[in-house]
Amino acid sequence: MTMNLPELSLKLADAGYVADRELAMALHLMELLQRPLLLEGEAGVGKTEVAKALANVHGTTLIRLQCYEGLDRAESLYEWNYQRQLLAIQARTASGISVSEDDIFSERFLLERPLLQAIRQERPPVLLIDEIDRADEEFEAFLLELLSDFQVTIPEFGTIKARSIPYVVLTSNGTREISDALRRRCLYHYVDYPSVEREAAILQRRLPDIGASFALQISRVLEKVRKEELRKVPGVAETLDWAAALIGLEIKDLHSNPEKVFDTMMCLLKTQEDKLRFTREVAERLLGKVA
Amino acid sequence: MTCCTPPAEPGSLDPLWDAILGRMSAFAMLLRSHGFVIGLRENADAARLAAQLAMDRPAIQRTAFKALFCSRVSDWKQFDELFNSYWLGRGMKKLLRVGGSTAASTRPCSLASTGKDNGQSGSTELGEEVSTPSGMETEDGATGKSEGASRTEITSSTDFRKIADPRELEKAHAAAERFARAMRARLTRREQARSRGRRIDLRATIRRNVGVGGIPVNLRFRQRKPKPLRLVVLLDASGSMQMYTAVFIRLIHGILDNFREAEAFVFHTRLVHISSAMKEKNAKRALERMSLMTQGVGGGTRIGECLATFNKWHAKRLLNSRSCVMILSDGYDTGAPEVLASELKRLRQRCRRIAWLNPMMGWDDYRPDAKAMQAALPYLDLFAPAHNLESLEALELYLARL
């Protein structure tokens, strides 16, 4: 069942994700063309959230594979439960029952890892392959094969075909260049820092207590902060933290209590260097620009 | 609302549909010429989309094609402009310039496409050339032009003059080869030392002991596969380094030929990524391409600012905990030493080692008195001379120990 574009945007909003039109289209195409989606963008712009919201929209499970250096098939696809197999063999030999190969290499002893789990679901799940750039090139090549055929061959067990094609979302932070082959296979969306309006909408969606004008004020300040020379540019997560802090301190307007506002602005900064650079004057200058 | 009835099925003989398909494959060609990676499957999918979505609305068409055809940030940033110019006929002039320069800066590696070399050599003339109606002529013209330009470049540019000296050249290349070989030998040693490890590999153990009835007599272990050290070389090509650049460039060429993971940059007043040129097998062609890329070499040096550029745009992608950054410079910096110090500090946090090779150190009465050098010293793991072949050989040993 494919839903059309406006319907998808609405459902995303219900799931708590305010998507721009381009992202909504990319998610729509994912379903239409049955292709994976590659999301790139700075840390903290909500790449992982997209997958969560998508799972929510389709009312399905989210299966997550966090990539890291040295990730291999045994940890991403399947592994035999050797300990149990050995125990089973010994227990049976001790009690004089013959052990057949089919018993040992059966479903019972198969450990499903995220990738196998994802293709064996009855309903198509959302498969999030997080930070693919951290995995090795070898893993990427293997993934490419899986994403084109959606079937897995286990030598002792046979070929497992996908029961349903999962919605695959890949994210990358750009610590390593991803191969052209994988890029080509995927739809692409670059997640940028949200526009002022979108960020305000996100704030209102996530923090219902916040007023419309206050949300807009906060996102205007953030727009200015992101233009400063910072080592770690604050993402949406930081904005939410800051807004939550302000609400917690019962501040309703950024100009009402400069002292507290400045103190809470430290939510946005994540390195010592940025904290030193972000002086009271800088904060005042930024706040001053936002009427 | 967005899904309307398709104008025709993608296989039918409707002339209107054929025209649309023709336009779309021409669009794909345009994108390819701007560095997009688009295969046949993308074309087929685009046709499917055209049949299924309301393609009379450009906004929908644009967002759909954007997700489909883009595959990296550089594509993403230039797509809208390309789309508008092709389908809506807007902003053509500006677009061509943007396209040419992006192609030149992001993917200068595809040698065969002379059109891109053209983008580097004469970007001011690009507008005229692209608008020439017959494609073949344009390409031929461009080839002749860029080759001619590069030849005059090598003879006239003072920095690469030394390269013409064949004896010096041979020696340097041999040293570079040795250097790279030492690295390879080290890697093989490490790969072999893997018979015992930290974790038992049950799969391999059982496989191994089939002969004794599955009883694990011989244990097999697993260990992490060691990955090669990544080397990033930053070469100072300013006027004061003139006498040494030639040798160092050959050295870099040797390194990039043999290491699996190595990147090279040249800097003077700005930073230029030269890896793609250096990966050229033929040394002479590599040099030609590099000289094209580094026009303007030989002025003052702004080491700090170049490092800042490196930190900002390349460090995250190129450096990891197994990286060694090698700076080849005499430390005569026209920029502020504070900038250099803070950038080196930042760099230090990203990589494993920073080695600074200073050819001046070989001079008898040299002391690192230059302000920049003073500022840099606290952040360096190795500060060594590099004025002759012996000093380069000593470096082999250092890198082998990393």
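Order of the sequence lines sets the chain letters (A, B, ...), proteins ahead of strands, with each chain counted from 1.
- For a residue to count as touching a neighbouring chain, one of its non-hydrogen atoms must lie under 4.5 Å from one of that chain's; by this rule R62(B) touches chain A with the side chain only.
- Closest non-hydrogen pair, A59(B) versus R21(A), comes out as CB-NH2, 3.8 Å.
- Side chain of R184(A) to main chain of V37(B): no donor-acceptor pair is present (N/O by atom type, distance under 3.5 Å, no hydrogens or angles).
- Ring planes of W76(B) and Y188(A): perpendicular class, angle over 60° (limits at 30 and 60°).
- Listed by sequence position, Y78(A), E79(A), W80(A), Y82(A), Q83(A) are the residues of residues 76-85 of chain A in contact with chain B, using a 4.5 angstrom heavy-atom cutoff.
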Check residues 103-113 of chain A and write down every donor-acceptor pair under 3.5 Å in which the side-chain atom is one partner and the other belongs to a residue at least two apart or another chain.
from: D103(A); atom 1: OD2; to: R92(A); atom 2: NH1; distance (Å): 3.1
from: D103(A); atom 1: OD2; to: S100(A); atom 2: OG; distance (Å): 3.4
from: S106(A); atom 1: OG; to: D103(A); atom 2: O; distance (Å): 2.9
from: E107(A); atom 1: OE1; to: R120(A); atom 2: NH2; distance (Å): 3.1
from: E107(A); atom 1: OE2; to: R120(A); atom 2: NH1; distance (Å): 2.9
from: E107(A); atom 1: OE2; to: R120(A); atom 2: NH2; distance (Å): 3.0
from: E112(A); atom 1: OE2; to: R120(A); atom 2: NH1; distance (Å): 2.6
from: R113(A); atom 1: NE; to: A74(A); atom 2: O; distance (Å): 2.9

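- Remark: R72(B) CZ to D180(A) CG distance equals 4.5 Å, nearest 0.5 Å.
- Atom CD of E229(A) sits in a sparse spot, with 12 or fewer heavy atoms from other residues, nucleotides or ligands closer than 6.0 Å.
- Residue L29(A) touches chain B through its side chain alone, counting heavy-atom pairs closer than 4.5 Å.
- Put simply, the side chain of E22(A) reaches to within 4.5 Å of the side chain of D80(B), judged on heavy atoms.
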Residues E273(A), R346(B); criterion side chain to side chain contact (heavy atoms under 4.5 Å, CB included); working and verdict: CA-CA 11 Å; E273(A) 205 180 320; R346(B) 211 174 267 190; 2.8 Å; yes
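- Within 6.0 Å of CG in L276(A) there are more than 12 heavy atoms belonging to other residues, nucleotides or ligands.
- Side-chain N or O atoms of R48(B) include one that pairs as donor or acceptor with a backbone N or O of L32(A) at under 3.5 Å.
- Atom CG of L49(B) is separated from atom CE of M25(A) by 7.5 Å, given to the nearest 0.5 angstrom.
- Summarising the geometry, atom OG belonging to S71(B) is positioned 8.5 Å from atom CG belonging to L38(A); distances are rounded to the nearest 0.5 Å.
- In this structure, CD on E42(B) lies 9.0 Å from CG on L187(A), to the nearest 0.5 angstrom.
- Scanning both residues, D192(A) and K77(B), for their nearest heavy atoms gives OD2-NZ, 4.2 Å.
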